[in-house]
Amino acid sequence: MKKALAIALALALTLALCTAALAEDPTAILVKTGEAMRAVKNMTIDGTLAVELAGQSMEIAMNMLIFTEPVKFKVTMNSSVTGNIDMYMEQTDGQLMTYINMAGQWQVMPISSAEEAMQAMQVPSAESMFKQAQAMQSLTLDGEEDVDGKTCYKISGMVDTPAQGDVPAVRMPMSVYIAKDDSMMLRAVTIATTDFQGQTMTATTTMDFTGFNTTADFEVPAEAKAAKPAA
């Protein structure tokens with residue numbers, strides 16, 4: 001009898017601990033993540049953008065190296081449609097400059113912000129992902145999952161994106177994976193479904209965040225700096 005009671009007590013305690021772990025407030029977790037990510041001076045992002053439209057699919061692979069002090073980033077994209085595209089941005093004499101290599105030709109242009117450069121290339125940035133994560137509504141804590149060997153909270157919700165030009169406003173699901181040990185965001189996934197010329201288009205973006213404050217530095221190629229801005 002005592003043995004049965006001990007087993008029952010152990011099971012009850014285990015269940016209580018599991019329930020308590022899942023009862024974490026997702027909003028509070030995201031607040032801690034915001035504080036942790038603000039201390040990051042550089043990082044690496046590996047991502048994919050998968051688009052499905054009218055039975056056709058396309059995937060763009062992305063690698064991003066981001067530094068905040070001083071401000072600069074490097075983006076490499078590859079797909080069967082666009083081929084390889086390299087983009088650099090750095091701050092020189094107080095001016096942000098973007099260098100884009102497409103088909104061996106460098107294009108140079110001044111910009112007002114890193115976010116503007118990413119929007120021009122239609123590349124989701126780390127900042128935009130963080131903003132979307134903090135703006136998620138109807139938050140749920142979907143248990144725990146492993147990302148790159150680290151145990152993470154999986155938090156899901158809905159994000160509203162405003163209309164931009166011909167692209168209508170979209171309400172899309174988003175999931176973020178937050179490391180339990182240090183509150184860092186290790187992965188973000190969004191799935192946007194919208195109407196495009198009478199066809200349903202689905203765009204799934206997955207971004208993995210690594211190299212926090214350990215990302216190797218880089219230099220903008222000399223041939224890029226030697227190129228002249230478009231008149």
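Just so it is clear, the values below take in all heavy atoms, side chains as well, and ignore hydrogens, waters and symmetry mates.
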When you compare the side chain of [Y] with that of [X], does any pair of heavy atoms fall below 4.5 Å?
| X | Y | result |
| --- | --- | --- |
| Thr33 | Glu35 | no |
| Tyr177 | Met185 | no |
| Met64 | Met207 | yes |
| Met37 | Phe212 | yes |
| Phe73 | Met87 | yes |
| Met136 | Leu30 | yes |
| Ser57 | Glu52 | yes |
| Ile178 | Met184 | no |

Quick check on the hydrophobic clustering: are [X] and [Y] connected, directly or via other members, by side-chain heavy-atom contacts under 4.5 Å?
| X | Y | result |
| --- | --- | --- |
| Tyr153 | Met158 | no |
| Val51 | Met174 | yes |
| Val75 | Met109 | yes |
| Ile66 | Val220 | no |
| Ile100 | Ile45 | yes |

### Message
Which label fits Tyr88 and Trp106: parallel for a plane angle under 30°, tilted from 30 to 60°, or perpendicular past 60°?
### Response
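Tyr88 vs Trp106 ring planes: tilted.
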
Between [X] and [Y], what is the shortest heavy-atom contact and its length?
| X | Y | value |
| --- | --- | --- |
| Ser175 | Lys154 | OG-CE, 3.7 Å |
| Ala203 | Leu49 | CB-CD1, 4.2 Å |
| Phe67 | Asp217 | CZ-CA, 3.6 Å |
| Val176 | Ala188 | CG1-CB, 4.1 Å |
| Pro26 | Leu139 | CG-CB, 4.0 Å |
| Cys152 | Leu186 | SG-CD1, 3.6 Å |

### Query
Are Met43 and Val40 close enough, and set up right, to give a side-chain contact (heavy atoms from CB on, under 4.5 Å), and what steps lead you there?
CA-CA 7 Å; Met43 72 174 73; Val40 174; 3.9 Å; yes

### Message
Within a 6.0 Å radius of atom CD on Gln95, are there more than 12 heavy atoms belonging to other residues, nucleotides or ligands?
### Response
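Counting neighbours around CD of Gln95, more than 12 heavy atoms of other residues, nucleotides or ligands fall under 6.0 Å, so yes.
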
### Task
Step through the shown structure and confirm whether more than 12 heavy atoms of other residues, nucleotides or ligands are within 6.0 Å of CD on Gln105.
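Count not over threshold, so no.
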
### Query
Can Asn63 and Thr76 be counted as having a side-chain donor-acceptor contact under 3.5 angstrom?
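Distance-only check fails for Asn63 and Thr76.
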
### Task
Ignoring hydrogens and angles, state whether a donor on the side chain of Thr215 or Thr44 is under 3.5 Å from an acceptor on the partner side chain.
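Yes, Thr44 and Thr215 have a side-chain donor paired with an acceptor closer than 3.5 Å.
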
### Query
Checking side-chain contact (heavy atoms from CB on, under 4.5 Å) for the pair Asn84/Met77: CA distance, chi angles, key distance, verdict?
CA-CA 6 Å; Asn84 290 319; Met77 296 188 296; over 6 Å; no

### Query
Yes or no on side-chain contact (heavy atoms from CB on, under 4.5 Å) for Thr48 and Ile60, after CA distance, side-chain angles and deciding distance?
CA-CA 6 Å; Thr48 58; Ile60 300 174; over 6 Å; no

### Message
Check whether Asn78 reaches the backbone of Met62 with its side chain - one donor and one acceptor, N or O, closer than 3.5 Å.
### Response
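No; judged by distance alone, with no hydrogens or angles, the pair does not exist.
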
So that I can tick it off, tell me whether [Y] and [X] are bridged by a salt bridge, with the cut-off set at under 4.0 angstrom between side-chain N and carboxylate O.
| X | Y | value |
| --- | --- | --- |
| Lys225 | Glu90 | yes |
| Lys180 | Glu144 | yes |
| Lys32 | Asp182 | no |
| Lys150 | Asp181 | yes |

### Message
What's the separation between atom OG1 in Thr140 and atom CD1 in Ile155, rounded to the nearest 0.5 Å?
### Response
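Thr140 OG1 to Ile155 CD1: 8.5 Å, rounded to 0.5 Å.
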
### Query
Met201 and Thr194: side-chain contact (heavy atoms from CB on, under 4.5 Å), yes or no, with the steps?
CA-CA 5 Å; Met201 182 175 69; Thr194 186; 3.8 Å; yes

